[in-house]
Number of protein chains: 2
Amino acid sequence: MSDLLERLRERGWRITAQRRVVAEVLDGDHVHLTADEVHARATARLPEISRATVYNTLGEMVTIGEVIEVATDGRAKRYDPNAHHPHQHLVCSRCGTVRDVRPTGDPLAALPADERFGFTVSAAEVTYRGLCPDCV
Amino acid sequence: MSDLLERLRERGWRITAQRRVVAEVLDGDHVHLTADEVHARATARLPEISRATVYNTLGEMVTIGEVIEVATDGRAKRYDPNAHHPHQHLVCSRCGTVRDVRPTGDPLAALPADERFGFTVSAAEVTYRGLCPDCV
DNA sequence: CTCTTGACTTAGACAATGTCCAGTGTAGGA
DNA sequence: TCCTACACTGGACATTGTCTAAGTCAAGAG
Ligand SMILES: [Mn+2]
Ligand SMILES: [Mn+2]
Ligand SMILES: [Zn+2]
Ligand SMILES: [Zn+2]
């Protein structure tokens with residue numbers, strides 16, 4: 001995710017060890033970690049990084065659109081580095097595994113005008129639920 | 001929601017003033033209250049009802065399928081008495097208003113087999129976001 | 001109708017997640 | 001190398017939800 005760090009730098013943000021580690025920890029496909037999971041992994045590389053910094057850095061990455069917040073359950077929000085390819089989520093009801101998926105068509109198109117109640121509708125988030133292969 | 005109370009009774013549950021008040025407070029269309037909002041309204045009718053009882057009663061109603069839990073943001077879960085008609089949600093990004101909506105077709109049909117990663121997919125929850133008429 | 005009893009309710013402690021602040025440290029330009 | 005505005009830290013605090021021990025009461029039995 002050096003790309004992400006470069007974008008931060010271009011915005012005039014200082015590149016610190018903490019921000020670098022958070023970006024590294026969040027790299028990969030189908031990554032959807034909670035803030036505390038990011039903190040635990042970051043601590044392994046940079047022992048004294050604080051919870052506040054992890055929350056701050058994740059929040060900043062969300063603000064600039066490089067990371068997406070995903071709330072698939074009523075628990076902790078998850079942070080998703082796959083911000084440049086619109087996608088939806090498939091969640092295992094038993095173990096919580098999250099996969100990125102791309103449904104066909106635009107989900108917004110399924111909501112007819114007479115079901116919009118005068119809203120200006122701009123986005124649709126879909127969470128598919130089921131059991132993953134490991135959970136039968 | 002005397003219907004709901006009757007179902008509780010049929011399951012051998014005692015009908016108490018607390019359960020009656022929670023059921024009454026949750027009655028209506030497009031109702032999506034948080035547990036604390038339910039508690040505040042219930043307190044107006046039954047001053048000493050406790051938070052624990054509100055949480056317990058809502059959880060019981062969810063368990064028997066008479067109420068649905070809705071998590072449209074990363075904040076408090078909302079409780080929805082419209083449990084017998086499958087529907088999705090339209091949320092105002094500014095004021096948080098939630099409306100029940102019925103998209104056309106089955107949302108599950110939009111997820112092709114090669115995007116299911118071997119999961120047994122059983123449900124899809126859609127949250128539409130936009131601005132309500134009052135929020136321009 | 002009254003009694004009995006096990007289910008229900010309560011208050012408050014505790015847990016999980018997230019926010020905020022004052023004091024300290026440092027990245028990066030001058 | 002030095003300065004200083006910005007970032008980081010530890011901890012207090014806020015919100016949302018769970019749990020438990022002790023008191024209360026709904027509803028069936030007699
Ligand atoms: Mn994702
Ligand atoms: Mn609803
Ligand atoms: Zn699983
Ligand atoms: Zn609105």
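First the proteins, then the strands, lettered A, B, ... as listed; each starts at 1. Note that the structure is predicted; figures quoted are calculated from it, not measured.
Contacts between residues 47-58 of chain B and DNA chain D, counted as heavy-atom distances below 4.0 Å, involve B/R51, B/A52, B/Y55.
Enclosure of atom CZ in B/R116 by more than 12 non-hydrogen atoms of other residues, nucleotides or ligands within 6.0 angstrom is indicated. Applying the 6.0 Å contact sphere to NE2 of A/H84 captures more than 12 heavy atoms from other residues, nucleotides or ligands.
Of the two residues contacting DNA chain D, namely B/A17 and B/D36, the nearest-nucleotide position lying further toward the 5' end is that of B/D36.
Think of the region where chain A sits on DNA chain D: with heavy atoms and a 4.0 Å cut, that region ends 5' and 3' at D/dA5 to D/dG10. Of all nucleotides in DNA chain C having an atom under 4.0 Å from a heavy atom of chain A, the first and last in 5' to 3' order are C/dA16 to C/dG28.
Note that the CD atom of B/E66 and the CG atom of B/L4 stand 5.5 Å from one another [nearest 0.5 Å].
Looking at B/V67 and B/L26, their side chains come closer than 4.5 Å, going by heavy atoms from C-beta outward.
Look at B/E69 and B/K77 and you find a salt bridge, because one of the NZ, NE, NH1 or NH2 atoms lies within 4.0 Å of a carboxylate O, short of that distance. Ion pairing of B/E37 with B/R78 is present here, as a side-chain N (NZ or NE/NH1/NH2) and a carboxylate O approach within less than 4.0 Å. The residues A/R19 and A/E60 are annotated as salt-bridged, a charged nitrogen and a carboxylate oxygen being separated by less than 4.0 angstrom.
Under 3.5 Å, the side chains of A/H87 and A/D80 contain a donor-acceptor pair of N or O atoms. Of the N and O atoms on the side chains of A/H32 and A/H30, not one donor lies less than 3.5 Å from an acceptor on the other residue.
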